[in-house]
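The analysis underlying the following values was restricted to heavy atoms, covering all of them including side chains, and did not include hydrogens, waters or symmetry mates.
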Amino acid sequence: MNNLKRKATAMLSAGAMALTGIAAVMPVVSPVSAYAVDDTNDDWLHAKGSRLYDMNGNEVWLTGANWFGFNCTECVPHYLWSGDIDDMVKDIADHGVNVLRLPVSTELLYNWMVGDPDPIGSVNPNDDPNYPINVDLINPDGSVADSMQTFDVLLAKCKKYGVKCFIDIHSPESNNSGHNYGIWYGKSFKGRDGKTVEVTTDVWIETLAWCADHYKNDDTLIGFDLKNEPHSTYGGAPVDAIWDDSNAPNNWKKAAEDCADAILAKNPNALILIEGVEGFEGHGAWWGGNLRGVAKYPVTPKAGTSQIVYSPHDYGPVVSDQPWFHKDFTEETLLDDYWRDTWAYIIEKDMYPLLIGEWGGRLDGGDNEKWLGLLRDYMIKNHINHTFWCLNDDSGDTGGLWKDIQFGVTQGDDGKMHGHTTINWDEEKYDTYYYPSIWKTQTSKKFIGLDHQVALGKDGISLNDFYSNYASTEGSNIDNGKKSDGTPIEASSSASTTSTSATTTTTTTTTSVDENRTWGDANLDGQVNIADSVLVMQVATNPDKYDIGKSSYSIKEEGYKNADVDTSSKGLTNKDALVIQKFKLGLIKKIPV
């Protein structure tokens, strides 16, 4: 089924929309056999400048791909009707994809939130648990898993093979062409109870906050892309998405900030990915590609910007021809004509991390491939995170990294039937444009995962393995192969790095025993936020690197004193980090405690 993507440029107009809210209800979900509870929860990431780091300050690079389908009316990743979910995730990992961007709809999350997930139809030719395809999606009673159970199985398979995920709100309602609608509110859908549900800004925020809370103890789901490609009224939206400092309902900057606050109140460790708009102060761009507004009006959550990642999309002339392609274009002309002022300045000025959420396209033997190579090389040189659009080949104007998927069944020596999935990758697209841009060791070419303990696929390595055995000897394919030191995370020491959930709201004021001390300010930046909690966890987990005077990364003596906010323990422990998080979220009124 085609998932057509259209791009356009347009001028902006203003409008207004009333907001309504709903009450969240926790769903009762039947477990399926493949679900796995996170046992370490130590893989959360945070930003500093334009780079992303793990909790020990090890630099990471997110290099992944999109797998759509949860956003569509099928409510399931496409091609599970042709292949086994375990086989497919394994093959994804074996090809070096260390993170999946998973498009979903607000409708899908709403139905999960109210406890009535959508059915997905058949992903097993006979709906037979004895038939060896997608047996993990057949419940013990013989019924097919619903959409939320399928999502949980997918997370468990990703955990098994060392792949991380983040979701992307691709459209308000489940719709195979829903990306054409340019804003995050204003659509309606028929609820599972038959009642009409209007997607307001409050509903959009509430469903994402619920999702963040529900999965806060599973670091397989590391973040949330708040809205795919905010843009103009093209596609039926009543108003354009704008970016300014107003309280207008269609101000994407304010909506993203409010949504980030709600998510981080539930899981302060989640990454928040924010796309651009189409137009800003008379300058047009790709849908979701215009981040000029960040320089003037950055998104600043109450918890600080340590979890913010900006995520433009970029495409070549096959998707939609643009003026900057009407010449013998080079990296420099693309930077001068479009990239730099639109989004590249953010990375060049070391402001925030970037993740190109969509790039890709069909191979034309000409300008589209030329653009693919230039963007690929620019991302590698500048350590820009990215997720290729897409794996599935049923994206109408881009195609995918897969050509087709085949499932076969053979009888084994044990007399049982055994299934096997064969994914036929587009070798030219993968080898020439995607493979060079994914994170791997410089010499041995081992794919590097984002999980500290689990290796990425059959020939990949874990993050701990990379920083223990490869980073200082051969380095990786970022920063021109620069070698670096890193610190592995011990699973036994990091299990307490789970996030906290805000269930009450209080007024947060800094009340201290020493009125001259800013309690909780571990990094001495004058604020108390999640970055301080991360530093405390680093000291507690790896004192040889982060304790006072150990290295250039070490906590300072005054910061150490500021961060000792849990009086039940001596010195800095994960209890102090938890107290700082609770204080920031308003769960406690004063520190120390």
Side-chain angles (χ1 to χ4, degrees), residues 19 21 24 44-48 50 52 62 101 104 106 109 113 166-170 172 183-185 199-216 219 221-230 241-277 288 291 293-312 346 351-355 357 385 499-502 505 508 527-534 581 584-587:
L19 305 182
W44 302 105
L45 306 175
H46 66 277
K48 186 176 181 181
S50 60
L52 288 170
L62 279 60
R101 180 177 182 254
V104 304
T106 297
L109 296 189
M113 183 177 72
F166 63 91
I167 66 168
D168 141 56
I169 301 299
H170 217 63
I183 57 177
W184 52 98
Y185 64 88
V199 179
T200 64
T201 293
D202 285 353
V203 169
W204 165 68
I205 290 176
E206 198 163 2
T207 55
L208 277 165
W210 170 85
C211 190
D213 187 45
H214 187 79
Y215 290 102
K216 66 180 180 291
D219 59 6
L221 185 64
I222 60 173
F224 301 88
D225 187 341
L226 304 186
K227 170 65 177 81
N228 180 70
E229 299 182 348
I242 63 174
W243 190 303
D244 59 26
D245 62 349
S246 73
N247 289 320
N250 59 323
N251 178 13
W252 172 234
K253 182 264 183 187
K254 178 162 191 315
E257 203 163 79
D258 291 344
C259 191
D261 283 337
I263 291 172
L264 294 174
K266 299 298 184 181
N267 181 0
N269 296 314
L271 293 179
I272 307 296
L273 291 97
I274 301 172
E275 299 186 32
V277 290
L291 288 167
V294 174
K296 197 171 182 179
Y297 309 113
V299 174
T300 310
K302 295 173 183 176
T305 59
S306 66
Q307 302 308 114
I308 297 296
V309 178
Y310 288 101
S311 185
I346 293 173
M351 297 169 65
Y352 304 97
L354 289 178
L355 183 144
N385 308 283
S499 58
T500 57
S501 173
T505 302
T508 304
Q527 305 177 49
V528 181
N529 53 39
I530 299 304
D532 298 300
S533 178
V534 170
Q581 288 186 20
K584 183 59 188 175
L585 294 173
L587 299 179

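The shortest distance between side-chain heavy atoms of I272 and P301 does not fall below 4.5 Å. Counting heavy atoms from C-beta on, the side chains of K254 and N247 come closer than 4.5 Å. Between W204 and L226 the shortest side-chain heavy-atom distance falls below 4.5 Å.
D202 and T200 are not linked by any side-chain donor-acceptor pair at a separation below 3.5 angstrom, with hydrogens and angles left out of the test.
Here the closest heavy-atom approach between residue K216 and residue K266 is recorded as CD-O, 3.6 Å. Here the shortest heavy-atom pairing between G357 and S311 reads N-OG, 3.5 Å. Taking every heavy atom of both residues into account, W184 and P249 meet most closely at CZ2-O, 3.3 Å. Residue P312 comes nearest to L291 through the heavy atom pair CD-CD1, 3.7 Å, listed as atom of the first residue, atom of the second, then distance.
A donor-acceptor pair is defined here as one N or O able to donate and one able to accept, closer than 3.5 Å; such a pair exists between the side chain of W243 and the backbone of Y297. Side-chain N or O atoms of N228 include none that pairs as donor or acceptor with a backbone N or O of I169 at under 3.5 Å. Using modelled atom types, no side-chain atom of E229 and backbone atom of I183 make a donor-acceptor pair closer than 3.5 Å. Judged by distance alone, the side chain of N250 and the main-chain N or O of I242 form no donor-acceptor pair under 3.5 Å. Checking side-chain atoms of D261 against main-chain N and O of K302 turns up a donor-acceptor pair under 3.5 Å. Remark: the backbone N or O of D168 is not paired with any side-chain donor or acceptor of D225 at under 3.5 angstrom. At distances below 3.5 Å, at least one donor-acceptor pair connects side-chain atoms of Q307 with backbone N or O atoms of N269. When atom types are taken as modelled, the side chain of E257 and the backbone of V299 share no donor-acceptor pair closer than 3.5 angstrom.
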Could you go through the side chain to side chain contact (heavy atoms under 4.5 Å, CB included) check for L271 and L52 one step at a time? CA-CA 10 Å; L271 293 179; L52 288 170; 4.1 Å; yes
Report the C-alpha separation of L45 and L62 in whole Å, then their side-chain angles, then the decisive distance to 0.1 Å, and conclude whether the side chain to side chain contact (heavy atoms under 4.5 Å, CB included) test is met. CA-CA 11 Å; L45 306 175; L62 279 60; 3.8 Å; yes
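Using the six-membered ring where Trp is involved, Y352 and Y310 have ring planes that are perpendicular, over 60° apart on the 30 and 60° scheme. Using bins of under 30°, 30° to 60° and over 60° for the plane-to-plane angle, the ring pair Y215/W210 lands in the perpendicular bin.
Rounded to the nearest 0.5 Å, atoms CG (D258) and OG1 (T201) are 8.5 Å apart.
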